Structure formats: C-alpha cells, structure tokens
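First the proteins, then the strands, lettered A, B, ... as listed; each starts at 1. Computed from a predicted structure; not experimentally measured. Hydrogens, waters and symmetry mates play no part in the numbers below; they use all other heavy atoms, side chains included.
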2 protein chains.
Amino acid sequence: MLEVLYTYFERSFPLTEGDKSLIQSVVLMRSLKRSEFLVRQGEVARHGAFVTKGILRSYVIDNRGREHIIQFAPENWWISDKNGMSEGTPSSFFIDAVEDSDIILIDMKGHETLLEKLKGYAESFRAGIQRRAIAKDHRIVSSLTASAEERYVDFLETYPSIAQRVPQHMLASYLGITPETVSRIRKQASLKK
Amino acid sequence: MLEVLYTYFERSFPLTEGDKSLIQSVVLMRSLKRSEFLVRQGEVARHGAFVTKGILRSYVIDNRGREHIIQFAPENWWISDKNGMSEGTPSSFFIDAVEDSDIILIDMKGHETLLEKLKGYAESFRAGIQRRAIAKDHRIVSSLTASAEERYVDFLETYPSIAQRVPQHMLASYLGITPETVSRIRKQASLKK
DNA sequence: TTTCGTTCTTGATCTACATCAATGGGTACG
DNA sequence: CGTACCCATTGATGTAGATCAAGAACGAAA
C-alpha cells in the first residue's frame with residue numbers, strides 16, 4: 001500500500017530510501033468496508049487520509065436532515081477532516097467509504113515532521129492546497145450559475161472515473177440536485193446521440 | 001498605512017521593530033480609485049494584496065458575459081490572484097476596487113522571505129488558508145441547497161459590514177441571484193418587522 | 001436648472017427544477 | 001425460491017426565482 005503513496009510523492013519530487021523510512025514512521029494504514037466511517041460527527045481526529053484503493057466521501061448533514069457531499073476521494077487523493085466545515089456550523093461532518101477502501105493516515109504531528117524533514121513535501125503540499133482552492137472557486141461559481149445539466153456534464157468531464165464508480169444519488173447530492181433530475185438529464189443526453 | 005498591517009499581524013503574533021523593517025522591505029503600497037483594476041485578465045501578477053482602506057472584489061466573467069463575484073475584501077482582508085480560477089478555465093479573472101482603497105502588495109518572493117524569517121507568519125498564514133477553505137465549503141453547500149433568502153440572510157449575518165457598503169447588484173452577483181430578487185427579499189424582510 | 005448614469009423597485013410572465021407518487025429492476029438474505 | 005430493500009426511472013404537478021419591461025430615486029456634472 002505504501003508504494004502507492006511513494007509513487008504519488010515521486011510525481012512531485014524524488015524520494016530516497018531514507019525518505020521512505022521517514023514516511024513510513026509517521027503514517028498508519030487502515031482498511032474500510034463499504035459505508036464504514038472514518039470520521040463520525042464529533043470525533044474530530046485531525047488527520048489526513050490518503051486513499052490507495054477505493055473511494056471515500058466527506059459530507060455534511062444540514063439542519064433539515066439532508067446529506068450534502070463535499071468531496072469524493074478516489075485513489076491518489078487526500079481527504080481530511082481539517083477542511084470541511086467542522087467549525088461553528090450546526091451541521092455534522094462525516095467521512096465514510098463509498099467502496100471497500102485502503103487508506104493511509106497521517107496526523108498533524110506527522111505532517112509537521114514531513115514539512116520539516118522531507119525536502120519537496122512542503123512545496124508539493126502548498127501546490128495541492130492551491131489547486132484545491134481553485135477547484136472550490138470553480139465549483140462555487142458553477143453552483144451559483146450553471147444549470148443542473150451543465151454541472152452534470154462538467155462533472156463527467158472533470159472527474160470521469162469518479163462519475164462511473166459512484167451511485168447516482170451521491171452524484172446528485174454532490175451536484176446539489178435531486179436523483180430524479182440526474183436520471184432525466186441522462187435520459188435526454190442518451191437521446192441526443 | 002503600514003500600521004494597519006502591523007496591527008493585523010500582532011493579533012496573531014508579536015512584532016519587533018526589526019520585524020517591521022523586514023515587512024516594510026518586502027511590500028509595496030498603492031492606492032486605487034473606485035472601479036480601478038488591480039488585476040486585469042491576463043496580467044497575472046502573482047501577488048497578494050492586503051486592504052488597509054476601502055473594499056476590493058475579485059470576480060470572473062463567464063462565457064455568457066456574466067460577472068460572478070468570488071470574494072469581497074474590506075479592510076484587514078487579503079485578496080490574491082493566486083487563488084481565483086486563473087487556471088485552465090475559459091473565463092477571465094479580475095480584481096478591482098469597489099470604493100477608493102489603499103492596499104499593501106506583497107509578491108511571491110516577499111511572501112517566501114516572511115515565511116522563512118518572520119516567526120509566527122507561517123503559522124498565521126496556514127491558519128488563514130484553512131479558515132478560507134472552511135468558508136468556501138460553507139459557501140458551496142449553501143449555494144447548492146439554501147434558498148435565495150437564506151443565503152441573503154446568511155450573508156448579512158456573516159458579513160454585516162460588507163453588506164452595508166457594497167451595491168446591491170454586487171451582493172446579488174456574489175450570492176448568485178438577480179438584483180430584482182434581492183430587492184424583493186429586502187422588501188419582504190422589512191414587511192415582516 | 002437640466003441631463004445623464006447608476007442603483008433600486010415593482011409588476012407580469014416563463015421555466016427549470018423540486019416534490020410527490022408509482023413502478024420496475026437488481027441484489028442480498030431469510 | 002420468494003421477500004425485502006435499495007436504487008433508478010417516469011409521470012404529474014407546484015413553485016422559486018429568472019427574465020423582460022418599465023419606471024423612480026439619487027447624485028454628479030455642467
């Protein structure tokens with residue numbers, strides 16, 4: 001499992017054997033069954049999870065009891081309980097597995113160790129944060145102004161692999177539309193061709 | 001003007017006189033008239049701006065020619081062309097002044113200098129990034145699911161000072177609704193009281 | 001003062017999407 | 001094997017908010 005993480009890092013910067021040992025010393029490995037929780041409301045574990053197999057999702061439940069998916073994390077993605085809306089809001093924050101998944105956990109302390117000792121990590125981390133901020137701005141604008149169909153098509157183009165692996169009602173939840181509407185959009189799209 | 005920035009930092013960590021000189025050596029000060037641009041499409045200046053007086057806004061123009069405001073930045077806020085959607089998208093990214101404003105500019109190199117030499121800056125910067133990520137998640141969920149009225153009320157509660165200083169059509173643009181709808185919401189709200 | 005630009009208001013219509021409700025298919029489990 | 005549960009589909013209806021259109025209020029410029 002660790003190999004997947006090494007390879008991920010090596011796309012940004014080279015790793016020595018020593019680096020690999022360092023990484024190994026600050027992470028934990030874990031498996032999750034489908035629909036098993038990594039983070040439940042309240043237990044703010046303050047760590048990041050890197051997915052090596054499967055897909056996780058983070059979501060909130062608003063005060064009307066509805067689920068809203070914040071993020072999907074398939075292989076080679078990070079997902080974290082530090083982001084999300086764990087603060088202030090009356091809603092609850094969850095992370096669970098969409099499929100059976102394998103993940104690598106790193107806590108705040110381990111993260112700081114890598115920031116300090118692993119050359120290239122800090123820069124790679126910063127770039128990741130930035131990429132994500134841009135993606136969020138994109139999603140904000142798109143959710144404020146694009147039609148349901150446009151958002152659906154946009155998602156398919158941006159994350160084709162995720163779209164195929166996730167149940168449609170979750171996709172609907174991510175896009176902020178109802179499952180019925182997703183179904184109708186798909187039907188129309190298939191008729192057009 | 002620099003005093004405002006010093007005070008801002010000192011809410012997070014103390015500054016020596018030497019720190020202040022260091023800061024002064026890496027920033028630039030500038031004034032903007034109402035509706036004057038800080039960043040126009042294309043000229044990606046790659047720096048951050050700290051507002052000491054006035055309000056700036058960042059926005060994109062989508063392929064249908066509509067403006068969408070990403071962020072307002074009043075006094076004591078940062079605004080940056082590094083975030084935003086300057087990447088990949090066919091839309092254009094702008095920053096301009098809503099009111100006559102004074103700002104302090106810092107470029108990437110200056111930022112790195114402070115990260116390295118100004119104790120407390122890195123942590124404060126990281127915390128800011130995180131706060132903003134949380135705010136963005138909040139805005140995403142809210143734009144996907146809350147009604148126009150709920151989003152309006154939410155904005156008033158979250159940013160009362162901004163709401164009073166910004167023209168309503170900009171507020172509408174930020175919220176992703178039409179100016180007409182904002183007007184009707186306000187009317188209804190006033191009738192309820 | 002008049003003129004002009006900007007912002008806000010109000011009304012009439014239209015439409016995308018939610019909601020409600022029923023049905024059918026797939027898969028797990030007794 | 002049938003029963004049950006989850007998920008996707010399809011139709012009928014309702015509604016929030018966009019769009020179109022026409023003023024009204026305000027300040028700035030001359």
For [N] and [X] - does any side-chain N or O of the residue sit under 4.0 Å from the phosphate oxygens OP1/OP2?
| X | N | result |
| --- | --- | --- |
| B:R66 | D:dT19 | yes |
| B:H169 | C:dT6 | no |
| B:Q168 | C:dT9 | yes |
| A:T178 | C:dA18 | yes |
| A:T181 | C:dA18 | yes |

Write down the distance between [atom1] ([X]) and [atom2] ([N]), rounded to a whole number of angstrom.
| X | N | atom1 | atom2 | answer |
| --- | --- | --- | --- | --- |
| A:L171 | D:dA8 | CG | P | 10 Å |
| A:I185 | C:dT15 | CD1 | P | 18 Å |
| B:K187 | C:dG11 | NZ | C1' | 10 Å |
| A:E150 | D:dA18 | CD | P | 15 Å |
| A:E180 | C:dA16 | CD | P | 18 Å |
| B:Q164 | C:dC8 | CD | P | 14 Å |
| A:I177 | C:dA16 | CD1 | P | 14 Å |
| A:R186 | C:dC17 | CZ | C1' | 19 Å |

Side chain of [X] only, please: which of [options] is the nearest?
| X | options | value |
| --- | --- | --- |
| B:R184 | D:dA12, C:dC17, C:dA12 | C:dA12 |
| A:P167 | C:dG11, C:dA21, D:dA8 | D:dA8 |
| B:S183 | C:dT10, D:dT10, C:dC17 | C:dT10 |

- prompt: Contact class for A:R151 vs. all strands (heavy atom < 4.0 Å): base, sugar-phosphate, or nothing?
  reply: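 If one applies the 4.0 Å heavy-atom cut-off, A:R151 turns out to touch nothing in the nucleic acid.
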query: Salt bridge check: are A:E17 and A:K20 linked by an N-O gap of less than 4.0 Å?
result: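 Here A:E17 pairs with A:K20 in a salt bridge, since their nearest N and O are under 4.0 Å apart.
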Taking the six-membered ring for Trp, are [X] and [Y] parallel (under 30°), tilted (30 to 60°) or perpendicular (over 60°)?
| X | Y | result |
| --- | --- | --- |
| B:F37 | B:F94 | tilted |
| A:W78 | A:F9 | tilted |
| B:Y174 | B:Y159 | perpendicular |

Test item: B:S143 side-chain N/O and A:I140 main-chain N/O as donor-acceptor pair under 3.5 Å: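 Answer holds: no.
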